[in-house]
2 protein chains.
Amino acid sequence: MEIEVQLTTEPIEPPPMGAVLRGGSCGAWAEFTGVVRGEEDGRPIAALEYEAYEPMALRVMRDILARLGERHPCHAVRVIHRVGIIPVGEAAIWIGVAAGHRQEAFAMLSEFMDELKKDVPIWKRRALGPEEMPLRQSAGA
Amino acid sequence: MEIEVQLTTEPIEPPPMGAVLRGGSCGAWAEFTGVVRGEEDGRPIAALEYEAYEPMALRVMRDILARLGERHPCHAVRVIHRVGIIPVGEAAIWIGVAAGHRQEAFAMLSEFMDELKKDVPIWKRRALGPEEMPLRQSAGA
């Protein structure tokens, strides 16, 4: 199973389905995008800030996908997780799975998302207003 | 729940996530694309041909989505089913679901696909080679 994981500070651009589907052995392409909602713990928010311990986050995501791939054999899985400040309505994570049949693809999507929340060192917090973010301001963001 | 269903003879272009996600109440956007594989019933193929009894196919797909929406409340669901000759590696169906949380979105995707195969008057058959398709040839396709 091909595995590709990526962290980015830019808005997520899901890659096109690509060559893997044209080979003729994939009948299923499933995607999930996790989007920042306008409310966190019952309070309205404008954005979330995600922070990752990058080398470990990448390694743990790869390990989870490889392990799930043994139970649910798929052809290819790609994950892109955004970090930094993510405004409401924008994607924090995207996962795309190519598989022979839809059952494996759905299982991979949903089990990966469950494991991600438990085990991957990526944290989120309510992003503060600009006047409360001197560090970001001084960094020119 | 917003429901949109469509049949098309053209290659499927999944619409962008759109305004529904920017509203801030959707945390999940899940998509599934069913792709024609290079083998059908153990024999290699170059394409499948899908035929629909159109008014009923649209109505039944709407009914299934509305019924599933009672169990798995989502914000919006869009389905595009391609008909006609579909080459290996191209999409026969696309479904996109916007929901508050991923559980509803995943349930909607996978249960819709199961029901689609049972109840919707859309049939597929192995597409024949061009020399065996005088009707298509005379239609200039």
Side-chain angles (χ1 to χ4, degrees), chain A residues 11-14 16-40 43-48 75-76 86-117 124, chain B residues 11-14 16-40 43-48 75-76 86-117 124:
Chain A
I12 294 174
E13 296 277 353
M17 299 191 296
V20 68
L21 297 188
R22 286 192 288 275
S25 61
C26 288
W29 171 247
E31 294 171 81
F32 173 74
T33 306
V35 179
V36 175
R37 291 188 303 144
E39 203 180 87
E40 182 78 1
R43 296 165 66 194
I45 58 165
L48 285 178
H75 294 266
I86 310 178
V88 166
E90 296 192 12
I93 183 160
W94 172 86
I95 167 171
V97 179
H101 299 89
R102 67 186 186 280
Q103 291 79 2
E104 297 94 271
F106 290 145
M108 176 64 78
L109 275 193
S110 93
E111 294 182 28
F112 174 76
M113 289 305 301
D114 292 344
E115 304 262 326
L116 173 74
K117 307 272 171 170
K124 66 178 177 179
Chain B
I12 294 174
E13 296 277 353
M17 300 191 295
V20 67
L21 296 188
R22 287 192 287 275
S25 61
C26 287
W29 171 248
E31 294 171 81
F32 173 74
T33 306
V35 178
V36 175
R37 291 188 301 145
E39 200 180 270
E40 182 79 0
R43 294 165 66 194
I45 59 166
L48 285 177
H75 294 267
I86 310 178
V88 166
E90 295 192 13
I93 183 160
W94 172 86
I95 166 169
V97 180
H101 299 89
R102 67 184 186 281
Q103 290 80 2
E104 296 94 271
F106 289 146
M108 176 65 78
L109 276 193
S110 94
E111 293 183 28
F112 174 77
M113 289 304 301
D114 292 343
E115 304 263 324
L116 173 75
K117 306 272 170 170
K124 67 178 177 181

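This is a predicted model, so every value here is computed, not measured. In the text below, chain A, chain B and the rest are named by the order of the sequence lines, each starting its count at 1.
- Looking only at heavy-atom pairs under 4.5 Å with chain A, the residue among B:P14, B:S25, B:C26 that has the most is B:C26.
- Counting all heavy atoms, side chain and backbone alike, A:G27 lies closest to B:F32 at O-CZ, 4.4 Å.
- Rounding to the nearest 0.5 angstrom, the gap separating the CZ atom in A:R102 from the CG atom in B:D114 is 5.0 Å.
- Of the atoms belonging to A:L109, heavy atoms from both backbone and side chain fall under 4.5 Å from chain B.
- For B:S110, the parts lying under 4.5 angstrom from a heavy atom of chain A are both the backbone and the side chain.
- By number of non-hydrogen pairs under 4.5 angstrom with chain B, the leading residue of A:P44, A:A28, A:A98 is A:A28.
- Of the listed residues (A:Q103, A:R37, A:H101, A:M113), the greatest number of heavy-atom pairs within a distance under 4.5 Å of chain B belongs to A:R37.
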